[in-house]
There are 2 protein chains.
Amino acid sequence: MFNDTPSSGKSTAALHAASKRVSIKDIARLARVSHSTVSRALRESPLVNPETAEKIRRIAAESGFRISAVARSLATSRTFTIGVVVTSIDDPFVAEVVKGIEDEAIEHDYSVFLANCHADPEREMKVVHSFEDRRVDGIVVTASRVGALYGSVLERMHIPIVLLNNQHPSHFAHSICIDNFDASRQLVAHLIALGHRRIAYIGDRFGHGSDSERFSGYRAALDEADILFQPDLVVHGDGKAEGGKEAMAKLLAVHPHPTAVFGYNDMTAIGALKAIRARGLRVPADISLAGFDDLPLGLYIDPPLTTVRQPKQQMGRMAMQSLLTLIEGNQAEQNVRVAGELIIRQSTAAPPDSHSKENHPCNSSSAHKTGHKRK
Amino acid sequence: MFNDTPSSGKSTAALHAASKRVSIKDIARLARVSHSTVSRALRESPLVNPETAEKIRRIAAESGFRISAVARSLATSRTFTIGVVVTSIDDPFVAEVVKGIEDEAIEHDYSVFLANCHADPEREMKVVHSFEDRRVDGIVVTASRVGALYGSVLERMHIPIVLLNNQHPSHFAHSICIDNFDASRQLVAHLIALGHRRIAYIGDRFGHGSDSERFSGYRAALDEADILFQPDLVVHGDGKAEGGKEAMAKLLAVHPHPTAVFGYNDMTAIGALKAIRARGLRVPADISLAGFDDLPLGLYIDPPLTTVRQPKQQMGRMAMQSLLTLIEGNQAEQNVRVAGELIIRQSTAAPPDSHSKENHPCNSSSAHKTGHKRK
DNA sequence: CTGGGCTTTGAACACGTGTGCATAAAAATC
DNA sequence: GATTTTTATGCACACGTGTTCAAAGCCCAG
């Protein structure tokens, strides 16, 4: 019971018993040097005699000394700390991004403050102010309408800021953003290649920039295939399952209904899936379905969802890397566009009338199915 | 362009242009008082003349002054900061817990450091040390085998620690933990009430304490219903979908196979679902299936999953509340047991032979079904 | 007018670390 | 051996805030 006291420790043992935290001065006293020398030894400064340095480090280790980051921060005016503001950490998209950020951060000995803002302006102000108070070296903001509100606060802080999939680009911040247009175009091209002509898009009325970019990609793919754009095949949800379900219900009221549906994101598509099932239709036999984001969820539903993968962790890492570059005072690319990856799973297939052979006991569909009207 | 300069500002305007951060001394100079008075005014101390205080606060606000939390921390040896160490933030369970923690924290003007450890001992040491360096006021650890490794480090820090769903209880830490035994017992009792007699349990070989508690609950429910425990109906996965799938395959090799399966957690159950489907069997018509945790995922799969809800956000909040209590120097309950809530959805139903009428093209099931052998 | 109590303020030090500068000691050069 | 250069160390101050203590100013009772 006594033998866990280090055998070499003499006066260091007393420190363990003391309730006060051991400071750099305590180490200095034990090593019979000044606190400056201790400071230098611990920072591996070449200005200190190697033997002295080794002795100091040994004593520090034995007494369990840990340097105070807060005192150091005060002296150096660098905290090695960043702030991450997210809408909500329980959003699976956000969680993966944050994972990437944190992993990259810790490798560079940075710590990350996490704060949810719940898309509440008041709360956003509070967390940004808390970051300002804590003198973070940089900030990452994911998926928010920055600038509109607290942009001035951020600007005043004079620290680098990186926005991730931001809805409104800001002149004072850098950004990492998925290439919505191109990914969307690829996805819709995939649907067209399968033989679809009546392809619907369920947007997100709160999606702002990214929604219109994905919509543009959809339009572009249609144009390239000489398919006439039909406004009644575009409806809007809220980016969540409930909204996707309601929007899909509207699409199913159109005659003939679309043979493929592209949702703004995976949650929208999953909501749509529910509505499709409720009408007794099958995916992909009757209707093909695709989403965007590649949430883990998409793998576990039946059928697994075709989607666009956003390299979320990677994007988080990139955001942190930009931040590090900027913190060091170097230039970084202002607006980075990241390519999405088309993930084809079982929710998309050829439309039912391509080589029609299958019947199912459902009233509202095949009866009206006539294929595409034009061309 | 010029009129955004506050009309009342005279010398404060110069501050805006200055690149150096404005400190409490700058405010003192502007207000023609000492920095002590400014400090007191900003902390709403009754020791300062109300008019002076008001004037100081106005000047501070106009010059966009924000007090330095790091300097304050150094002076007060309180950081109003906590550390949260998680296995990985992209685990949906963890994400919800962290949300609860952060929401509670910010309401009390605490900021949270988030760190993933990926169940890697080396990484765990690193993040715990970083928390120590940063002088956090408290630590929450979720779902880890604390104590074994860095317990001594934690103990040395002399700060409150709350473990959430910890596998190994530690004498020096407080804990918030779901009542695995009782929730599990309720769930299995539900299956029994539906008429099931051959009920399997898929455990988690890495689940340690919580696995054996859930298993005990399973056993208790069987005992209460006088159902003989059959060791071949207990297999083990890894807590993830893949392991659940493999484990379920083993269960399907048993003749007659179970009519109900209880998975250690939702991911295990979802893996099991895949294996069941692969054999051409249906849930719940042929086999009832239940999980544990109530991940959002369980709502979106088909059929929606019967499970035990862990009030994750609430548990996060409770952890933070305990921490706050302890930080204030008060006593808090050492080990809090939280009740789970049985969530009955469509993945559980009566066993197929209860009022047998339905046939399906599957060989390995109903033929051997004989009900429970004893009693 | 005097003394005592109250209110308000400022001076000084503390918190723990980093760093420029001076200096002592050691080594190298002549 | 004297001088210069190099190496190693300590002193003192800075970082921005909180806090104790003393003191100045004020009010009021006597």
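Below, chains carry the letters A, B, ... as their sequence lines are ordered, and counting in each starts from 1.
- Atom OG of A/S68 and atom CZ of A/R21 lie 8.5 Å apart (nearest 0.5 Å).
- The stretch residues 42-54 of chain A participates, sequence neighbours left out, in these side-chain hydrogen bond (donor to acceptor under 3.5 Å, both in side chains) pairs: A/E54-A/R57.
- Taken residue by residue, residues 66-75 of chain B places heavy atoms nearer than 4.0 Å to DNA chain C at B/L74, B/A75.
- Remark: C1' of D/dG16 and CZ of A/R134 are 15 Å apart, rounded to the nearest angstrom.
- A distance-only check finds a donor-acceptor pair linking the side chain of A/S73 to the backbone of A/R78 [under 3.5 Å].
- Looking at heavy atoms from C-beta onward, A/I106 lies in side-chain contact with B/V127 at the 4.5 angstrom threshold.
- Checked by atom type, the side-chain pair B/T81/B/R134 shows no donor-acceptor distance below 3.5 Å.
- Taking atom CD of A/E44 as the reference point, atom C1' of D/dA8 lies 17 Å away to the nearest angstrom.
- For the residue pair B/N335 / B/S175, a side-chain donor-acceptor distance below 3.5 Å is found, with atom types taken as modelled.
- Across all strands, A/V38 comes closer than 4.0 Å to no nucleic acid atom at all (heavy-atom distances).
- Overall, the helix from C/dC1-D/dG30 to C/dC30-D/dG1 carries an axis bend of 50° between its ends, with five pairs at each end and the value rounded to 10°.
- Here A/S39 reaches the OP1 or OP2 of C/dG18: one of its side-chain N or O atoms lies under 4.0 Å away.
- Of the listed nucleotides (D/dT17, D/dG18, C/dG18), D/dT17 has the atom at the smallest distance from the side chain of B/F65.
- Each of D/dT9, C/dT17, D/dG18 was ranked by its minimum atom distance to the side chain of A/I24; first place goes to C/dT17.
- In this structure, of C/dA11, C/dG18, C/dA12, it is C/dA11 that holds the atom nearest to the side chain of B/R40.
- Residue-level contact check: A/S77 touches neither bases nor backbone, having no heavy atom under 4.0 Å from any strand.
- Atom CZ of A/R43 is separated from atom P of C/dG18 by 5 Å (rounded to the nearest Å).
- Checked against C/dG16, D/dT9, C/dA12, the side chain of B/H35 finds its nearest nucleotide in C/dA12.
- Evaluation of atom-type donor-acceptor distances gives a pair under 3.5 Å for the side chain of B/S36 against the base of D/dT19.
- In this structure, CZ of B/R29 is placed 16 Å from C1' of C/dG10, rounded to the nearest angstrom.
- Using modelled atom types, no side-chain atom of A/D90 and backbone atom of B/A95 make a donor-acceptor pair closer than 3.5 Å.
- Rounded to an integer number of Å, the gap from A/I56 CD1 to D/dG10 P is 8 Å.
- Between the NZ atom of A/K55 and the P atom of D/dT9 there is a distance of 10 Å, rounded to whole Å.
- Taking CD1 from B/I27 and OG from B/S39, the interatomic distance works out to 12.5 Å, rounded to the nearest 0.5 Å.
- Between B/T37 and C/dT9, a side-chain N or O to OP1/OP2 separation shorter than 4.0 Å is absent.
- A/F131 pairs in a side-chain contact (heavy atoms from CB on, under 4.5 Å) with only one of the listed residues (A/V84, A/I82, A/V136), which is A/V136.
- The distance between atom CZ of B/R21 and atom C1' of D/dA14, rounded to the nearest whole Å, is 18 Å.
- Side-chain proximity of B/K25 to C/dG18, C/dT8, D/dT17: nearest is D/dT17.
- Aromatic ring pairs are classed by plane angle as parallel below 30°, tilted from 30° to 60° and perpendicular above 60°; the pair B/F113 and A/F113 is parallel.
- Rounded to an integer number of Å, the gap from CG of A/L47 to P of C/dC21 is 14 Å.
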